[in-house]
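Quick one: the structure is below, and I'll ask about it shortly.
Index from 1, following the sequence. The structure displayed is predicted, hence computed values, not measured ones. Each ligand, and each atom within it, is numbered from 1 in the order the structure gives.
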Amino acid sequence: MPKKLHLAWFLNFSSPSWLGPFDGTNGEDWIDGDFYVDIVRAMERAKFDYVMFEDSLMVSDVHGGSMATDLKYNMYAPKQDPLPLMAKLGEHTDRIGLVATASTSFYPPFILARLYATLDNLTHGRIGWNVVTSSEDLAAQNFGLDELYEHDQRYEMADEYVGVVKKLWDSWDEGALVRDRETGVFADHTKVHPIHHEGAFFKVRGPLNAMPGPQRQPALCQAGGSPRGRAFAAKHANTIICSATGVAEMKQYRDDIRQKAVTAGRNPDDIKVLYVVTPVLDETDELAQAKAARRAVPSDAGLELALAHLSALTNVDFTQFALDEVPPAITTNGHRTTLEAFLKKGKPDATLRELASMPSLNAVPFVGSPATVARQMEEVMEEVGGDGFLFSGALSRQSVAEIVDGLVPEMQRRGLARTEYEFGTFKENLLAF
Ligand SMILES: Cc1cc2nc3c(=O)[nH]c(=O)nc-3n(C[C@H](O)[C@H](O)[C@H](O)COP(=O)(O)O)c2cc1C
């Protein structure tokens with residue numbers, strides 16, 4: 001029997017595809033969250049472990065010194081806060097894990113601990129927190145700073161931050177809520193404890209004034225790519241999302257995380273590594289190949305979008321570099337891993353235009369019918385060792401149906417994906433296999 005894979009989808013609370021012939025009224029019905037209710041229910045039908053909503057806190061004008069590209073392509077804005085959406089999705093689903101991103105650089109830890117404890121209660125134990133440190137100076141400028149703290153220092157701060165948040169979630173003992181009708185005592189004060197945290201970066205008295213949810217400690221998701229980021233992820237995360245390219249890099253990443261988890265005193269099997277993939281599916285292998293070939297043709301918009309994304313994530317204006325020359329050495333205090341991956345996509349003499357025209361990061365370019373892609377996924381995972389895939393790419397009801405009603409049933413037939421949820425809470429399902 002093959003090893004079962006964990007499945008999730010990478011989403012953002014902004015508009016899905018809206019210009020294509022099968023995109024419905026997506027330019028509109030994402031705003032009140034109804035589009036996301038539809039697709040997350042579909043993903044729950046396919047027994048996904050979770051959906052992950054990314055987030056950032058700025059409108060980017062790094063590219064060319066103008067917000068035009070960001071707003072034209074709905075790159076980073078408009079984007080709504082994913083946290084309230086989790087409450088809505090929780091009402092319309094029963095089992096799927098709901099992960100929302102929040103940045104340790106900007107939320108006070110008490111506020112964050114309280115938000116996620118409340119959401120864990122509202123969703124009956126299905127909330128997860130994607131822990132990020134942020135990568136945009138523009139976001140820092142919305143919170144009284146001129147620029148982000150230095151890259152590795154952000155992780156030092158995040159490390160203490162997560163410790164504080166965990167202490168706050170633990171500040172209520174099991175059974176603190178007695179609701180004793182005889183004595184009239186609602187909550188037992190001897191089971192609720194201040195945390196008196198005083199560290200290098202945070203001072204928090206506690207206790208939390210909300211009680212923890214069914215998971216007590218919501219599931220933690222992380223995506224560290226740098227050595228410091230990986231150590232942080234291996235110490236804290238229940239699931240890690242990773243944009244490695246190619247089987248060798250995927251395996252190296254997971255082996256490194258598992259090793260770092262052991263160093264941090266954890267069981268590496270308690271961390272599920274999911275790789276970003278964008279499979280191209282169609283009824284037959286030939287049709288899927290043709291579709292992939294059509295999508296690979298570089299366009300002016302694709303080029304502009306790729307460079308604008310990179311500008312926003314690195315705080316470096318890519319319009320300053322000549323398109324038909326090899327880019328100079330560039331450093332960033334933002335998304336280091338993304339920049340490095342972009343620059344090494346092509347041969348050393350690749351021009352900026354060539355690099356930006358190449359397909360974006362993908363663990364393995366899966367292309368074919370559902371049966372073919374399911375088989376390819378099984379083969380890749382046998383080499384990598386586990387644990388699953390995070391789907392991404394252009395989002396529409398059609399692209400979701402191709403995965404949840406085409407690929408996943410095929411994976412289930414091969415014993416590669418679960419056919420029922422094993423447990424009631426997100427973290428338990430994540431650790432079920
Ligand atoms: C799949 C994936 C999703 C991510 N989502 C976010 C996000 O929502 N917000 C954010 O600020 N960073 C996000 N990141 C960036 C990571 O948190 C991290 O900064 C990045 O992978 C680079 O690693 P490093 O911080 O160790 O250099 C994401 C990265 C990946 C691979």
Side-chain angles (χ1 to χ4, degrees), residues 6-14 50-58 60 75-77 79-83 85-86 98-107 112 128-140 142-143 148-159 161-162 220-237 239-245 249-250 253-254 256-257 260 272-278 309-310 312-315 330-343 360-363 387-393 395:
H6 294 273
L7 301 177
W9 205 303
F10 175 78
L11 300 166
N12 27 43
F13 192 7
S14 53
Y50 62 96
V51 284
M52 195 293 268
F53 281 82
E54 61 84 59
D55 202 24
S56 54
L57 296 159
M58 44 96 226
S60 187
M75 256 173 41
Y76 292 88
K79 178 185 296 185
Q80 304 194 92
D81 190 324
L83 283 161
L85 180 64
M86 299 303 108
L98 303 166
V99 178
T101 298
S103 172
T104 55
S105 294
F106 306 125
Y107 283 71
L112 184 134
W129 170 28
N130 180 37
V131 188
V132 300
T133 63
S134 293
S135 26
E136 303 90 11
D137 287 337
L138 283 169
N142 289 329
F143 296 89
L148 288 172
Y149 297 108
E150 188 278 327
H151 179 278
D152 283 12
Q153 193 196 351
R154 293 203 296 278
Y155 279 109
E156 291 304 313
M157 297 171 81
D159 206 21
Y161 186 115
V162 172
L220 299 192
C221 174
Q222 227 284 317
S226 62
R228 185 64 191 89
R230 290 183 191 197
F232 174 78
K235 182 172 169 191
H236 295 292
T239 180
I240 296 179
I241 47 182
C242 162
S243 62
T245 319
E249 218 177 278
M250 291 163 75
Y253 183 90
R254 183 168 179 270
D256 187 34
I257 288 290
K260 286 185 163 63
K272 306 301 174 191
V273 179
L274 271 58
Y275 300 92
V276 180
V277 284
T278 314
H309 265 298
L310 210 55
L313 289 174
T314 58
N315 307 302
I330 304 165
T331 54
T332 179
N333 188 34
H335 260 232
R336 279 196 195 151
T337 322
T338 309
L339 177 64
E340 282 162 18
F342 175 83
L343 294 174
S360 56
L361 295 174
N362 221 317
D387 299 291
F389 292 109
L390 178 75
F391 296 107
S392 80
L395 185 71

Heavy atoms only: give me the nearest Lys272-Thr239 pair and the separation to one decimal.
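Heavy atoms of Lys272 and Thr239 come nearest at O-OG1, 2.8 Å.
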Got a sec, which residues hit ring-ring contact (aromatic ring centres under 6.0 Å, His included) with Phe53, two or more places apart in sequence or on another chain?
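Residues passing ring-ring contact (aromatic ring centres under 6.0 Å, His included) with Phe53: Tyr36.
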Considering distance alone, does some N or O of Val276 sit under 3.5 Å from an N or O of ligand 1?
no
For ligand 1, indicate whether the residue Arg230 contacts it via side chain, backbone, both or neither (heavy-atom separation under 4.0 Å).
neither
Got a second to check how far Asp81's CG is from Met86's CE, nearest 0.5 Å?
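If we round to the nearest 0.5 Å, Asp81:CG and Met86:CE are 9.0 Å apart.
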Are any non-hydrogen side-chain atoms of Gln80 and Leu85 less than 4.5 angstrom apart?
no
With a 4.0 Å cut-off on heavy atoms, does Ser56 reach ligand 1?
no
Could you check atom 2 (C) of ligand 1 against the protein and tell me its nearest heavy-atom contact, residue, atom and distance included?
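Ranked first by proximity to atom 2 (C) of ligand 1 is Ile241 CD1, 3.8 Å.
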Quick test: of every protein heavy atom, which one is nearest to atom 4 (C) of ligand 1, and how far off is it to 0.1 Å?
Phe10 CE1, 4.2 Å
Does Tyr155 come within less than 4.0 angstrom of ligand 1, counting non-hydrogen atoms of the residue?
yes
If we only count N/O pairs under 3.5 Å, is Gly225 in contact with ligand 1?
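Right, the criterion is met.
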For atom 30 (C) of ligand 1, which protein heavy atom lies nearest, and how many Å away is it?
Ala223 CB, 3.6 Å
With the threshold set at under 4.0 angstrom, would you say His151 reaches ligand 1 through any of its heavy atoms?
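Yes.
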Give yes if a backbone or side-chain nitrogen or oxygen of Ser226 is under 3.5 Å from a nitrogen or oxygen of ligand 1, and no if not.
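Such a contact does occur with ligand 1.
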Do Thr278 and Ser392 have side-chain atoms, one donor and one acceptor, less than 3.5 Å apart?
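Per modelled atom types, Thr278 and Ser392 side chains form a pair under 3.5 Å.
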Is there a side chain to side chain donor-acceptor pair (under 3.5 Å) between Ser226 and Thr337? Walk through the geometry before answering.
CA-CA 6 Å; Ser226 62; Thr337 322; 5.3 Å; no
For atom 13 (C) of ligand 1, which protein heavy atom lies nearest, and how many Å away is it?
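Result: Val132 CG1, 3.8 Å.
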So which atom in Glu156 and which in Arg228 form the shortest heavy-atom distance, rounded to 0.1 Å?
OE2-NE, 2.8 Å
Listed partners of Phe106 passing ring-ring contact (aromatic ring centres under 6.0 Å, His included), at least two apart
Phe143
So, is Asp55 polar-close to ligand 1, with some N/O to N/O distance under 3.5 Å?
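N/O-N/O distance below 3.5 Å exists for this pair.
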Quick one: look at Thr133 and ligand 1, take heavy-atom pairs under 4.0 Å, and tell me if it's side chain, backbone, both or neither.
neither
Should Thr337 be counted as touching ligand 1, given the test is an N or O pair under 3.5 Å?
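It does: an N or O of Thr337 is found under 3.5 Å from an N or O of ligand 1.
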For Glu150, is there an ion pair with Arg336 - N to carboxylate O distance below 4.0 angstrom?
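Salt bridge present between Arg336 and Glu150.
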